[in-house]
There are 2 protein chains.
Amino acid sequence: MNGADILQAHIAKMVALTPEQHAAIFDRFTPLSLKKGQSLIHEGDRVDSEYFVLEGCLKSYFVNDEAKMFILQFAMPTWWASDYQALYSGQRATITVDCITNAEVLKLSNADREALCAAIPAVAHFFRWRTNRGYVALQKRLLSFMNNDVKIRYEELLQQYPELYNLVPKQLIAAYLGVSRETLSRLYHP
Amino acid sequence: MNGADILQAHIAKMVALTPEQHAAIFDRFTPLSLKKGQSLIHEGDRVDSEYFVLEGCLKSYFVNDEAKMFILQFAMPTWWASDYQALYSGQRATITVDCITNAEVLKLSNADREALCAAIPAVAHFFRWRTNRGYVALQKRLLSFMNNDVKIRYEELLQQYPELYNLVPKQLIAAYLGVSRETLSRLYHP
DNA sequence: GTGATTGTGTGACCTGGGTCACATTCGGGG
DNA sequence: CCCCGAATGTGACCCAGGTCACACAATCAC
C-alpha cells in the first residue's frame with residue numbers, strides 16, 4: 001500500500017470523504033524517506049509541521065539537564081508525531097523526534113492542516129477526533145503511571161504493541177516506562 | 001459576571017464570533033448548581049455530557065481496586081471536565097467527577113457539541129484547539145511525573161494554581177501528585 | 001456543647017527502584 | 001572474519017516514598 005492509500009484508509013476510518021477530497025488532502029502532505037537515527041525535530045528548533053508515519057518507528061522524547069531521556073511516544077505506522085507544544089504555541093522545540101528505524105513519513109505543515117480544516121469541515125472533525133483519542137490515551141498512561149509498578153506497565157505496553165519487543169532496544173522501552181534500564185532488565189532476570 | 005458572559009469570554013479568547021453565535025452556543029448549555037460533594041459522573045454511568053466550570057472546584061478521579069484515589073484533574077472556573085474516555089467511546093464511566101466545593105457549571109451534551117461544531121466551523125476550531133491545549137498540558141504533567149520528585153511537582157502545582165493551597169485538602173493534592181498524604185505532609189514538616 | 005467525622009502531623013519500619021561498576025553478548029562495518 | 005561500540009545482565013549498596021499505627025486538630029450535625 002502506498003502513502004496515499006495508507007493516509008486515506010486512516011482518515012476514512014473516522015470520516016467519510018470523496019476520492020477528490022482524499023486527493024486534495026494528500027496533496028498537502030510531503031513524503032519523506034528517513035534513515036535510522038535521522039531526526040525530524042530537535043530541541044531548540046522552530047516547529048511548523050507534524051508527521052504521519054507510514055512505515056518504520058519514530059520516538060519523541062525529552063532530555064533533562066542530567067542527559068536523561070524520557071520517551072513520550074513511540075510513533076508506529078498510522079501514528080502522528082511532533083512537538084505539539086512547540087507546533088501550537090510557536091515556541092521553540094523542547095522535545096526531539098527521531099527515527100528508531102528507517103522510516104517513511106508524510107509531513108504536514110501547520111498552515112496546510114489549518115487550510116484543510118477550513119476547506120473541508122470533515123477534516124477539522126477528523127483532527128479534533130484524533131486529538132481527543134490522543135488525550136484519552138495519555139490520561140490512561142498517566143493513570144497507569146500513578147497506579148501500577150513497572151512490571152505491569154511493561155506488560156501493558158507489550159500487550160498493546162507486541163512489535164516493540166524486538167523492534168526497539170530495551171533501554172528505550174525503559175525510558176518510555178520511566179525506569180532505569182537495569183530495573184527493566186531485572187524484571188525477567190531476577 | 002454571569003454564565004453566558006464567562007463562557008463567551010472563554011470562547012472569544014480563541015475564536016471570533018458574533019453575539020448571535022455566542023447566544024446560539026450558550027443556548028445549548030444547561031446551567032447546574034451543585035453542592036459540595038455532589039457528583040456529576042460516577043463510575044459505571046453512561047456519560048453523554050461534559051461540564052464547563054463557572055464557579056467552584058471539581059475533581060475528576062479514578063479509584064483503583066484497593067480504593068486508592070488518583071486525581072486526574074482539579075477543574076477550576078473556565079475548565080472543562082468529564083470522563084472523556086466514556087464520553088467519546090460510549091463505554092461506561094471509569095472515572096468519577098464530583099464537587100470539592102459548591103459549584104456552578106454549564107452542562108453540554110455530546111450531541112449538542114457536535115451540532116454546534118457542525119453549524120459553526122469556528123466552534124469546531126475552538127474545541128479542536130481546546131483539546132490540543134489539554135493534550136499538551138497532559139504531556140507536560142507526564143514528563144514532570146517521570147522527571148521530578150514530589151517536592152518539585154508540588155511546587156509546580158502550587159505555582160500554577162495557588163488557590164488550591166487553601167481550597168482543597170492536602171490529601172487530594174497528594175492524590176493528584178501520586179503520593180501518599182504522609183509523604184506530602186512530611187515535605188514541609190520534616 | 002458534645003460526639004462524630006474528616007483532615008493533618010509524626011514515628012518506625014519496609015521496599016521498589018536508582019546508581020555505580022563491571023562483565024558479557026550481539027550486530028554491523030571494514 | 002574480526003573488531004568495536006552498542007545493548008544487556010548482574011551484584012552491591014542507597015534512598016525516596018510507601019505502609020501502619022496513633023495522636024491531635026478542625027469542622028459539622030444536632
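Worth saying up front: this structure is predicted, and the values here are computed from it rather than measured. Naming convention: chains lettered A, B, ... in sequence-line order (proteins, then strands); numbering from 1 in each chain.
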For this session: Look at the side chain of B:T101 and the backbone N and O of B:C57, then say whether any donor-acceptor pair between them is shorter than 3.5 Å.
Result: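 Yes, because the side chain of B:T101 sits within donor-acceptor range (under 3.5 Å) of the backbone of B:C57.
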
Honestly curious: do [X] and [Y] fall in one hydrophobic cluster under the side-chain, below-4.5 Å linking rule?
X: A:L167; Y: A:L58; answer: no
X: A:L164; Y: A:W79; answer: yes
X: A:Y84; Y: A:F126; answer: yes
X: B:L106; Y: B:M76; answer: no

Problem set entry | Residues within residues 146-173 of chain B bordering DNA chain D, heavy-atom distance below 4.0 Å |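 Contacting residues: B:D149, B:V150.
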
Exercise. For B:G178, which contact category applies under a 4.0 Å heavy-atom criterion: base, sugar-phosphate, or nothing?
Worked result: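 The residue B:G178 makes sugar-phosphate contact but no base contact.
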
Exercise. Looking at A:D83 and A:T94, what are the two nearest heavy atoms and their distance?
Worked result: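 Shortest heavy-atom separation between A:D83 and A:T94 comes out as OD2-N, 2.9 Å.
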
Problem set entry | Contact summary for B:W80 and B:L108, nearest pair of heavy atoms |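 B:W80 and B:L108 have their closest heavy atoms at CZ3-CD2, 4.3 Å.
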
Exercise. Could you give all pairs that pass the salt bridge (charged side-chain N to carboxylate O under 4.0 Å, His left out) test and reach residues 98-124 of chain A, with sequence neighbours left out?
Worked result: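 Pairs touching residues 98-124 of chain A that pass the test: A:R28-A:D112, A:E50-A:R113, A:K59-A:D98, A:E114-B:R128.
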
Can I get a per-line list of side-chain donor-acceptor pairs under 3.5 Å for residues 182-189 of chain B, giving both atom names and the distance, sequence neighbours left out?
unit_1, atom_1, unit_2, atom_2, d
B:T183, OG1, B:S180, OG, 3.1
B:Y188, OH, B:E155, OE2, 2.5

For this session: Rounded to the nearest angstrom, tell me the gap between atom NE2 in B:H189 and atom P in D:dG17.
Result: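 These atoms are roughly 16 Å apart.
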
Problem set entry | Between D:dG17 (P) and B:F145 (CZ): distance, integer Å |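 The distance from CZ of B:F145 to P of D:dG17 comes to 11 Å, rounded to the nearest Å.
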
For this session: Quick one, give me the B/S/- string for nucleotides 19-30 of chain D, reading 5' to 3', where B means a protein heavy atom under 4.0 Å from the base and S means that only happens at the primed atoms, P, OP1 or OP2.
Result: BBB---------

Exercise. Just how large is the angle between the end axes of the helix from C:dG1-D:dC30 to C:dG30-D:dC1, five pairs per end, to 10 degrees?
Worked result: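 Between the first-five-pair axis and the last-five-pair axis there is 50°.
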
Exercise. Which residues satisfy the salt bridge (Lys or Arg N to Asp or Glu O under 4.0 Å) test with B:R181, sequence neighbours excluded?
Worked result: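 For B:R181, no residue satisfies salt bridge (Lys or Arg N to Asp or Glu O under 4.0 Å) once neighbours in sequence are set aside.
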
